[in-house]
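Side chains included, hydrogens not; waters and symmetry mates left out as well; all remaining heavy atoms used. Chain identifiers are assigned alphabetically (A, B, ...) following the order of the sequence lines, protein sequences preceding nucleic acid strands; residue numbering begins at 1 within each chain.
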2 protein chains.
Amino acid sequence: MLTLRQLRYFDALARLGHFGRAADACAISQPALSMQIRDLEARLGLPLVERRPNGVCLTAAGRDIAERAAGVMAEVRDLTDFAKSRTIPLSGDLSLGVIPSIAPYLLPSLLPLLRQTFPELTLNIHEAQTDTITAELLDGRLDLLLLALPIDTAAIDTLHLFDDPFLLAAPKGHNVPHPARCLPDLLQDEQLLLLEEGHCLRDQALAVCALRNTDRTDTFGASTLATLVQMVANGMGFTLLPEMAVQVEGRSSDIDLVPLADPVPSRSVGLAWRKSSPLAQDFAAFGDVVKKARKKA
Amino acid sequence: MLTLRQLRYFDALARLGHFGRAADACAISQPALSMQIRDLEARLGLPLVERRPNGVCLTAAGRDIAERAAGVMAEVRDLTDFAKSRTIPLSGDLSLGVIPSIAPYLLPSLLPLLRQTFPELTLNIHEAQTDTITAELLDGRLDLLLLALPIDTAAIDTLHLFDDPFLLAAPKGHNVPHPARCLPDLLQDEQLLLLEEGHCLRDQALAVCALRNTDRTDTFGASTLATLVQMVANGMGFTLLPEMAVQVEGRSSDIDLVPLADPVPSRSVGLAWRKSSPLAQDFAAFGDVVKKARKKA
DNA sequence: CCATACGATAAGATTTGCTTATGCTGACAC
DNA sequence: GTGTCAGCATAAGCAAATCTTATCGTATGG
């Protein structure tokens with residue numbers, strides 16, 4: 001098989017027209033270069049240089065081959081340069097999965113901050129429920145997830161970033177104490193409005209209220225928090241909002257946002273990646289930016 | 001230094017997504033491939049593949065590098081294919097030097113024949129006197145000469161192709177016997193017309209007539225045989241014409257072409273090339289075509 | 001004719017790369 | 001849980017490619 005080394009040596013020979021000087025340029029001895037050139041000629045099946053008493057001169061074919069060899073070497077150089085540019089941590093493409101109860105509230109402040117912190121990073125964002133993006137992570141279609149922890153999958157490493165406390169969203173004119181405590185009792189005879197099946201936030205809300213999914217089979221499954229808030233504003237019941245969503249969703253004048261008493265229930269927001277990901281060590285830095293974005297929001 | 005082998009192995013790994021199968025495809029053992037991939041990653045300074053429990057998947061950078069590696073390999077393949085196409089003897093560029101007393105008479109039949117015999121050969125023809133083209137041959141600016149032998153230069157190999165007899169061109173109404181014999185006597189009181197200094201034909205004609213260059217300092221130096229023939233036709237003197245030129249130059253009705261008696265003087269037409277030329281062995285075939293062209297002419 | 005320059009050749013040392021054998025880890029089945 | 005399997009990494013020894021130094025052959029130029 002042809003080797004790059006032979007092309008490099010031949011290129012030097014073609015440029016310098018002299019075995020000895022070419023060998024010097026390649027930092028090898030003259031016989032070593034001679035042998036490699038001879039081998040190259042044997043592999044290609046034709047003479048590339050004409051050995052003359054004073055130096056060498058290329059054959060017609062040799063000139064063409066030298067040009068092509070230079071082309072190959074340029075492309076290899078491009079390849080290594082490209083690789084070097086990619087040695088910057090968090091550069092290039094990164095496919096990020098985000099759950100729907102985080103994406104709309106964190107991304108607006110996160111994305112500009114990421115652009116600024118990792119200018120070489122190109123994000124590819126996919127928004128879907130936990131199960132979906134987890135499967136995609138394991139598939140290799142996603143590299144990193146931003147979601148609510150814990151997720152229980154071996155082969156996935158996670159990093160907790162911050163806790164996102166829940167608030168009770170109640171219709172105006174309710175009689176909930178402030179702060180609210182003992183949710184299970186409070187909601188005994190009230191409707192708890194939830195997202196549709198599959199959203200982790202649904203399960204978290206149920207857990208906070210000490211309910212099982214089956215306890216309230218009648219609960220309507222909204223597809224977005226915005227819808228849930230509309231429903232609360234129209235007196236259809238109560239819901240739990242993550243603090244992160246308050247800025248965007250809690251603006252309605254028809255609802256009251258009631259903080260919850262200690263111990264304030266919250267969800268853990270964090271990152272997840274394949275244990276085998278070679279980028280693992282970079283994700284801490286990514287997480288720091290997410291934390292910063294949250295404070296800004 | 002990066003090696004082509006590493007790119008080849010990595011390409012197989014990228015295509016097959018499996019160290020074992022890639023190793024099979026490369027006809028090496030799995031550890032061998034692992035080591036080369038590891039080395040490649042170390043050189044490039046970044047991970048290219050993510051080792052996962054069931055097979056591997058490329059990193060974002062790995063995908064880009066794989067693409068570039070494929071490009072490099074394609075270019076190398078082009079290079080070797082090109083070289084193979086050049087293994088055909090007498091293909092590609094060939095710079096041929098021809099002397100003026102041969103070029104106009106042989107090339108018209110030679111060139112089509114060469115095109116037909118060596119379709120891959122691209123001729124680059126330079127017409128000049130022996131000294132000039134000999135120097136250019138030694139310079140490497142020419143690869144092959146078609147001229148009159150002998151030429152006396154070490155470092156140059158020659159091949160005699162055929163003898164080209166001389167004829168005496170005389171003005172109509174001369175009193176030269178047929179065939180002409182004993183030229184020195186015949187021309188004792190006549191003008192011998194010659195080409196200008198530098199043409200080998202001038203020296204050959206002088207030799208045939210047993211004259212030294214200085215014996216006839218008054219001889220006019222024509223620059224072409226056509227001019228010489230015109231001068232003969234106008235009664236200005238005699239000249240010697242090589243047989244090869246007769247078809248073209250001897251058509252004038254104002255001259256007589258007198259064959260010379262045995263031993264018929266002639267010039268040797270042949271090829272010359274640098275002893276060091278790697279094409280040396282191909283030139284015999286080239287010579288055969290020249291001989292064929294002469295018969296046709 | 002000798003001295004010099006240049007590339008080829010030869011023999012031995014070194015490095016590179018490969019192979020077989022074995023280790024380690026996560027996935028899957030019972 | 002425990003055993004088995006798949007898949008890649010590691011280790012040790014060996015073979016092949018590559019390099020080095022020393023030397024030769026040949027053409028060149030004084």
Side-chain angles (χ1 to χ4, degrees), chain A residues 1-10 12-14 16-43 47-58 62 135 138-140 152-157 274-278 280, chain B residues 1-10 12-14 16-43 47-58 62 135 137-140 152-157 274-278:
Chain A
M1 269 295 163
L2 194 73
T3 68
L4 264 185
R5 166 179 313 169
Q6 291 169 341
L7 297 186
R8 279 192 268 261
Y9 289 179
F10 176 56
L13 180 60
L16 299 173
H18 189 286
F19 276 75
R21 281 189 276 280
D24 277 351
C26 298
I28 54 167
S29 67
Q30 171 261 314
L33 189 124
S34 281
M35 290 188 295
Q36 291 296 330
I37 298 297
R38 171 206 301 280
D39 192 58
L40 179 61
E41 288 178 313
R43 282 183 207 288
L48 299 173
V49 296
E50 182 178 330
R51 281 81 167 165
R52 306 181 56 195
N54 48 342
V56 295
C57 91
L58 295 184
L138 291 171
D139 271 5
D152 187 25
T153 312
I156 289 187
D157 269 346
R274 288 183 300 280
K275 270 186 178 144
S276 58
S277 173
Chain B
M1 271 294 167
L2 195 71
T3 69
L4 264 186
R5 165 178 304 154
Q6 290 168 343
L7 296 186
R8 278 191 268 263
Y9 289 179
F10 177 55
L13 180 59
L16 299 173
H18 188 287
F19 276 75
R21 281 189 276 279
D24 277 351
C26 298
I28 54 167
S29 66
Q30 170 261 314
L33 187 123
S34 279
M35 290 187 295
Q36 291 295 331
I37 298 296
R38 171 200 302 280
D39 192 58
L40 179 62
E41 288 179 312
R43 283 184 207 287
L48 299 173
V49 296
E50 181 179 330
R51 280 81 167 163
R52 306 179 57 196
N54 47 341
V56 296
C57 91
L58 294 183
L137 181 71
L138 290 170
D139 273 4
D152 188 25
T153 312
I156 288 186
D157 269 347
R274 291 182 300 280
K275 272 190 176 137
S276 59
S277 173

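Across all non-hydrogen atoms, the minimal contact from Ile37(A) to Arg51(A) is CG2-NH2, 4.0 Å.
Residue Met35(A) contributes atom CE, which lies 11 Å from atom C1' of dA11(C) at whole-angstrom precision. When rounded to the nearest whole Å, the span between CZ of Arg274(B) and C1' of dG7(C) equals 16 Å. Here dC19(D) presents its P atom at 11 Å from CZ of Arg8(A), a figure rounded to the nearest Å. What separates CG of Leu16(A) from P of dC6(C) is a distance of 13 Å, to the nearest Å. Rounded to whole Å, the distance from CE on Met1(B) to P on dG17(C) is 14 Å. Rounded to whole Å, the distance from CG on Asp39(B) to P on dT15(C) is 16 Å.
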Distances for protein N or O near nucleotides 25-30 of chain C N or O, under 3.5 Å:
none

Side-chain polar contacts of residues 18-26 of chain A - donor-acceptor pairs under 3.5 angstrom, sequence neighbours left out - could you list them?
residue: His18(A); atom: ND1; partner: Gly20(A); partner atom: N; Å: 3.0
residue: His18(A); atom: ND1; partner: Arg21(A); partner atom: N; Å: 3.0

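Phosphate proximity of dG7(D) to Arg51(B): absent, as no side-chain N or O sits under 4.0 Å from OP1 or OP2. A close approach under 4.0 Å does occur between a side-chain nitrogen or oxygen of His18(A) and OP1 or OP2 of dG7(C). One finds no side-chain N or O of Tyr9(A) lying less than 4.0 angstrom from the OP1 or OP2 phosphate oxygen of dT18(D).
Projected onto DNA chain C by closest heavy-atom contact, Arg5(A) and Ser34(A) fall at different nucleotides, the more 5' of which corresponds to Ser34(A).
Of the residues in residues 25-33 of chain B, those placing a heavy atom less than 4.0 Å from an atom of DNA chain D are Gln30(B), Pro31(B), in numerical order.
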